[in-house]
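Notes follow the structure.
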Amino acid sequence: MTVLLPASGDVRAEDVNRPRSFVREADMLEPLLAGIPSVMRGGIGEPFFEVQTQRGVVDLLYARVNKPIVRWRSGLQLPALTEVSAVAVMLALTELGAIEGEDQPAQVSDIAPRSSVSSGHLRRSVLPKLVESGWIRADGRSWIACHAYQTPVSTMTAVEIKRSDWRRALSQAIAHREFADTYVALDRGRLARPASAAQAFEYTGVGLFTVDADSALSTHVERIIPARRIRRHVLPRAVVAERVVSLIEAGRRSGDIPPVFGRDLTTTSGTDPRFQ
């Protein structure tokens, strides 16, 4: 570290004691993967990256995948439902009891208000695609789910990663609360007073991790504020769960990582876990 000397020639203590900081947000991923499980009791599932939600992208998402459900689906060749409208229809049919063996087929007029999908779009696109994929079947002018819908992920923990600017990170993380316990992870070297942000995090229910770039430390991650459990919204939770399963089906851990100003912002050194 370069130590700056003021005009008097005295070394400033804050420069000597200031923690190292990360060069890029991607450099924070490996320390987070190593440190988060140690500060979260009971385990939090498997890590996934750049997962698309209804309102953005989660940088890091831990998901407890219900593997028996995923294996059952695979055996029946039922693909993940990556479209919001498809998930909404399956939830609606299950809620209506329009399931194979229960003899309660649903009409489009029943499905549309519960799924918030227009009748025309259901007839033209959503329902035919669900038939093609094996999720539902037609019964005259009515529709039946071949199987009741079950969410393939039991719990999720979302982490929004920023080197600094905790206010922006918090505003982005708030949207994730509708489907997951939610945290912001900040670079400890760029956060002089973590307690200064505590009130805002506690008020919103979003938790706070700090991540230290000092490779000499045995623990890189500290949980400053735990996330508060907030009631989940069924559709957003199911949509994200389906997109996790879609990544699993594709043999991937990460969604697409778009370039920023034409540059691929991967790690400055070592391996980027998103590409493993």
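Of the inter-residue distances, the one linking Q104 atom CD with L93 atom CG reads 11.5 Å to the nearest 0.5 angstrom. A distance of 8.5 Å separates CZ in R20 from CG in D212, rounded to the nearest 0.5 Å. For the atom pair CG of L186 and CD of E222, the computed distance is 12.0 Å after rounding to the nearest 0.5 Å. With rounding to the nearest 0.5 angstrom, the CD atom of E242 is 7.5 Å from the OG1 atom of T151. With rounding to the nearest 0.5 angstrom, the OG1 atom of T182 is 9.5 Å from the CD atom of E160. The distance from atom CD1 of I99 to atom CE of M90, rounded to the nearest 0.5 Å, is 8.0 Å.
Although no hydrogens or angles enter the test, the distance criterion places a donor-acceptor pair under 3.5 Å between the side chain of D187 and the main chain of F22. With hydrogens and angles disregarded, no donor-acceptor distance shorter than 3.5 Å links the side chain of D181 to the backbone of R228. No donor-acceptor distance shorter than 3.5 angstrom exists from the side chain of R163 to the backbone of R190, with no hydrogens or angles considered.
Evaluation of the ring-ring contact (aromatic ring centres under 6.0 Å, His included) test over residues 158-188, restricted to residues two or more places apart or in two chains, returns W166-F201, H176-F179, Y183-F209. For the side-chain hydrogen bond (donor to acceptor under 3.5 Å, both in side chains) condition, no pair includes a residue of residues 74-88, sequence neighbours left out. Sequence neighbours left out, the pairs with a member in residues 53-72 that pass ring-ring contact (aromatic ring centres under 6.0 Å, His included) are W72-H147. Evaluation of the side-chain hydrogen bond (donor to acceptor under 3.5 Å, both in side chains) test over residues 123-137, restricted to residues two or more places apart or in two chains, returns E100-R137. The salt bridge (charged side-chain N to carboxylate O under 4.0 Å, His left out) pairs that include a residue from residues 168-178 are R55-E178, where partners are two or more places apart or lie in different chains. Among residues at least two apart or in separate chains, salt bridge (charged side-chain N to carboxylate O under 4.0 Å, His left out) pairs with a member in residues 244-256 are E46-R253, R252-D256. Residue pairs meeting the ring-ring contact (aromatic ring centres under 6.0 Å, His included) criterion with at least one member in residues 99-127: none, sequence neighbours excluded.
Under the 4.5 Å side-chain heavy-atom criterion for Ile, Leu, Val, Met, Phe, Trp and Tyr, I136 and V126 are members of the same hydrophobic cluster. V70 and L81 fall into different hydrophobic clusters, where Ile, Leu, Val, Met, Phe, Trp and Tyr are joined by side-chain heavy atoms under 4.5 Å apart, directly or via other members. Hydrophobic clustering places M40 together with L33 (ILVMFWY residues linked when any side-chain heavy atoms are closer than 4.5 Å, directly or through intermediates). L76 is not connected to I248 by any chain of hydrophobic side-chain contacts under 4.5 Å among Ile, Leu, Val, Met, Phe, Trp and Tyr, and they are in different clusters. In the hydrophobic clustering of this structure, V239 does not group with V153; members are Ile, Leu, Val, Met, Phe, Trp, Tyr whose side-chain heavy atoms approach within less than 4.5 Å, directly or through other members.
Partners of D272 according to the salt bridge (charged side-chain N to carboxylate O under 4.0 Å, His left out) rule, which considers only residues two or more places apart in sequence or in another chain, are R274. Residues that satisfy the salt bridge (charged side-chain N to carboxylate O under 4.0 Å, His left out) test with R167, not counting sequence neighbours, are absent from this structure. Legend: residues meeting side chain to side chain contact (heavy atoms under 4.5 Å, CB included) with L91, ordered by chain and number and at least two apart, are V87, Y149, V234, L235, A238. Among residues two or more places apart in sequence or in another chain, the side chain to side chain contact (heavy atoms under 4.5 Å, CB included) test is passed with T271 by Q276.
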Which atom pairs, one a donor and one an acceptor, fall under 3.5 Å between side chains of residues 110-117 and the rest of the protein, sequence neighbours left out?
from	atom 1	to	atom 2	distance (Å)
D110	OD2	Q107	N	2.9
R114	NH1	D110	O	3.4
S115	OG	I111	O	2.9
S115	OG	A112	O	3.4
S115	OG	V117	N	3.4

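Here the closest heavy-atom approach between residue I174 and residue T204 is recorded as CD1-CG2, 3.8 Å. For the residue pair L247 and S254, the shortest heavy atom distance occurs at CD2-O, 3.4 Å. Annotation for A63 and M156: closest pair CB-CG, 4.1 Å, computed over non-hydrogen atoms. Between A180 and A158, the shortest heavy-atom contact is CB-N, 3.8 Å. When all heavy atoms of P31 and V211 are compared, the pair lying nearest together is CB-CG1, 3.7 Å. Of all heavy-atom pairs between L32 and V221, the closest is CA-CG2, 3.9 Å.
Side-chain contact check for E50 versus V58: every heavy-atom pair is 4.5 Å or farther apart. Using a 4.5 Å heavy-atom threshold, the side chains of P47 and L60 count as touching. When side chains are defined from C-beta on, R64 does not count as touching I44, because their heavy atoms never get closer than 4.5 Å. In this structure, V159 and D59 have side chains that are not in contact, with every pair of non-hydrogen atoms separated by 4.5 Å or more. Between T157 and L61 the shortest side-chain heavy-atom distance does not fall below 4.5 Å. Under the 4.5 Å side-chain criterion, counting only non-hydrogen atoms from C-beta, R24 is not in contact with T267. You'll find the side chain of P273 reaches within 4.5 Å of the side chain of F49, heavy atoms only. Looking at S154 and N66, their side chains never come closer than 4.5 Å, going by heavy atoms from C-beta outward.
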Take F275 and I257 through the test side chain to side chain contact (heavy atoms under 4.5 Å, CB included) and record every step on the way to the result.
-> CA-CA 10 Å; F275 299 112; I257 306 169; 3.6 Å; yes
